[in-house]
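Report on one structure; see the data block that follows.
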Amino acid sequence: MSKVHLSPPDVGPLEEAYALAAIRSGWVAPLGPDVDAFEAELAERIGTAYAVATSSGTAALHLALLAVGAGPGQVVVMPTLTFAATANAAVYTGAEPIFVDCDPTTGNIDVDLLEPLLERLDTEGRRVAAVLPVDMFGVCADYERLLPICARAGHPVIEDAAESLGATRSGRAAGSFGRAGVLSFNGNKIMTTSGGGMLLTDDAELAARARYLATQARQPVAHYEHTEIGYNYRLSNVLAAIGRAQLCRLDGMIRRRRELRDQYAKLFAAVPGVRLLADGDPGANCWLTTIVVEPEASGWWPAELAAHLAAQDIETRPVWKPMHLQPVHAGAEAVLTGAAERLFANGLTLPSGSGMSDHAGERVRQAIGEFLCSR
Ligand SMILES: *Cc1c(COP(=O)(O)O)cnc(C)c1O
């Protein structure tokens, strides 16, 4: 019996053919025609004017923050419930992260906390480089409320859409909401280049600045002239080719993840004390299905289900450990309600990979069924 992973890469013959064609074309060096085409295809898909392919989502976040002027003496406002990369990118620039608690139903930044925080920071004369919402597990943040608040305060929004490629909100694509949006093509994401990312924007100047910083801040002259410190953050042509194949398959992969989410929803529908995180969001890409367990009502803790599944070689994971609880961010400013800590204690993410076979899906549901019966 092979192990069922949480969200493994879903690659096959199409990706193989694209990668092989890229190698045979001679464009093995970083950059090349597949990078250009990949950028154009993603900009078209998301509906932004520009796309800049990067070596990772973290690199794209770093570039986006640098491009809006983030640096020492400034703060970047972000949710506490996110992957470490969101905060790391801010710290790379010399800015300080300020962590905001989450909406308990979606896990996304709690917009009720945002407006008073921005007002307070303004009163205190603090310099806010950007507000950096994250579309948790493939569900867009509440942009109808968030965008006007940030616009009134005069702060740019950088959207961390690393987990939400293919998701929508009110008909708009994830990655298109801020001054810049950032995607990740890490191996566990909804679509992968094995490693890679993308910065999306309608702002020509921002796109040009990001491209320049990502290629060692090299001046456009033959003799390698540099007036600023740059980075080596661009995507390889071979990896962009894999991304183009994945993009052809994206809608099918999202459909499969939705199917898995619906099957889990059915399985847990009648189980007391269990709900799905962001249940019923019509625009979710269903990257990862997460259950939230109230042990007083269910009679069991998510860790007990996790142990039962692990014994059958089925991988699960808690939700992100909130940034304000991370030793590396001890002492960082945070506006808290306790919602993120509760989701960290009560959430469990279930196998959600689009490559999961019907047989493996059945095995997971059967194992969960056994656990529920034993309670
Ligand atoms: C994966 C992820 C990133 C980082 O992307 P990489 O491509 O792994 O660098 C950033 N933010 C969030 C929320 C992520 O889930």
Side-chain angles (χ1 to χ4, degrees), residues 6-7 56-65 70 75-93 95-111 113-114 117 128-143 146 150 157-165 167 169 174-175 177-178 180-186 188-190 197 199 277-278 281 284-285 287-290 292 317-330 332-349 352:
L6 195 76
S7 179
S56 71
T58 310
L61 279 172
H62 186 194
L63 292 170
L65 288 168
V75 298
V76 177
V77 175
M78 65 182 71
T80 187
L81 196 62
T82 183
F83 177 56
T86 317
N88 286 347
V91 174
Y92 296 163
T93 70
E96 274 175 43
I98 296 185
F99 301 119
V100 178
D101 219 317
C102 67
D103 175 333
T105 60
T106 62
N108 281 325
I109 192 165
D110 184 340
V111 180
L113 301 175
L114 192 59
L117 170 64
V128 178
V131 177
L132 180 42
V134 177
D135 303 330
M136 247 298 268
F137 291 169
V139 173
C140 288
D142 184 354
Y143 291 108
L146 184 147
C150 296
V157 172
I158 309 277
E159 179 188 3
D160 184 343
E163 303 172 1
S164 62
L165 172 59
R169 186 173 175 108
F177 287 97
V182 166
L183 304 174
S184 165
F185 311 121
N186 191 21
N188 63 346
K189 295 287 162 41
I190 197 141
L199 183 153
L277 188 65
D281 185 290
N285 69 3
W287 174 51
L288 295 179
T289 296
T290 300
V292 184
R317 217 179 281 165
V319 304
W320 305 125
K321 180 172 180 174
M323 289 301 110
H324 72 273
L325 298 178
Q326 299 286 357
V328 72
H329 295 299
E333 262 181 83
V335 182
L336 303 172
T337 60
E341 288 188 33
R342 274 193 297 278
L343 284 180
F344 177 54
N346 297 355
L348 188 70
T349 297
S352 307

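Predicted model, so just to flag it, every value in this text is computed and none were measured. Position 1 is the first residue of the sequence; numbering continues from there.
In this structure, OG1 in T86 is found 10.0 Å from CG in L65, a value given to the nearest 0.5 Å. Atom-to-atom distance recorded for L288:CG and I190:CD1 is 8.5 Å, nearest 0.5 angstrom. Residue W320 holds its CH2 atom at 9.5 Å from CG of L81, rounded to the nearest 0.5 Å. Between atom CZ of residue F137 and atom CG of residue L277 there is a gap of 7.0 Å, rounded to the nearest 0.5 Å. The distance from atom OG1 of T58 to atom CZ of F83, rounded to the nearest 0.5 Å, is 6.5 Å. The distance from the CG atom of L336 to the CG atom of D110 is 10.5 Å, given to the nearest 0.5 Å.
Across every non-hydrogen atom of D135 and S164, the tightest pair is OD2-OG, 2.9 Å. Considering every non-hydrogen atom in both P133 and I109, the closest pair reads CB-CG2, 4.3 Å. Looking at every heavy atom in both residues, V134 comes nearest to P79 through CG2-CG, 3.6 Å. Nearest heavy atoms, A60 versus L199: O-CD1, 3.7 Å.
By the 4.5 Å heavy-atom criterion applied to side chains, T349 and V319 are counted as neighbours. Side-chain contact check for F185 versus L165: some heavy-atom pair is nearer than 4.5 Å. At a threshold of 4.5 Å between non-hydrogen side-chain atoms, the residues L61 and L132 count as touching. Residues F99 and M78 form a side-chain contact, since some pair of their non-hydrogen atoms from C-beta on lies under 4.5 Å apart. Contact of the N186 side chain with the S56 side chain is not registered, since no non-hydrogen atoms from C-beta on lie closer than 4.5 Å. In this structure, the side chains of W287 and N188 come closer than 4.5 Å at one or more pairs of heavy atoms.
The ring pair (Phe, Tyr, Trp, His ring centres under 6.0 Å) check on H324 picks up nothing, with sequence neighbours excluded. Judged as a salt bridge (Lys or Arg N to Asp or Glu O under 4.0 Å), and not counting sequence neighbours, the contacts of R317 are E315. Partners of S7 by side-chain hydrogen bond (donor to acceptor under 3.5 Å, both in side chains), not counting sequence neighbours, listed by chain and number: R257. Residues forming a ring pair (Phe, Tyr, Trp, His ring centres under 6.0 Å) with F177 (at least two apart in sequence, or on another chain): Y143. Under the rule for a salt bridge (Lys or Arg N to Asp or Glu O under 4.0 Å), the partners of D142 that lie at least two apart in sequence or sit in another chain are R145, R169.
Distance alone, capped at 3.5 Å, is enough to place a donor-acceptor pair between the N285 side chain and the E163 backbone. Side chain of E96 to backbone of V75: no donor-acceptor contact under 3.5 angstrom is found. Between the side chain of E159 and the backbone N or O of A174, no donor-acceptor pair lies under 3.5 Å.
Aromatic ring pairs are classed by plane angle as parallel below 30°, tilted from 30° to 60° and perpendicular above 60°; the pair H62 and Y92 is perpendicular.
Applying side chain to side chain contact (heavy atoms under 4.5 Å, CB included) to P97 and the options N88, V77, V91, V76 leaves one that passes, V91.
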For residues 101-108, tabulate all N or O donor-acceptor pairs below 3.5 Å that involve a side-chain atom, not counting sequence neighbours.
from : atom 1 : to   : atom 2 : distance (Å)
D101 : OD1    : A340 : N      : 2.8
D101 : OD2    : T337 : N      : 2.8
D101 : OD2    : T337 : OG1    : 3.4
D101 : OD2    : G338 : N      : 2.9
D103 : OD1    : T105 : N      : 2.8
D103 : OD1    : T105 : OG1    : 2.8
T106 : OG1    : N108 : N      : 3.0
N108 : OD1    : M136 : N      : 2.8
N108 : ND2    : V139 : O      : 3.0
N108 : ND2    : C140 : O      : 3.2

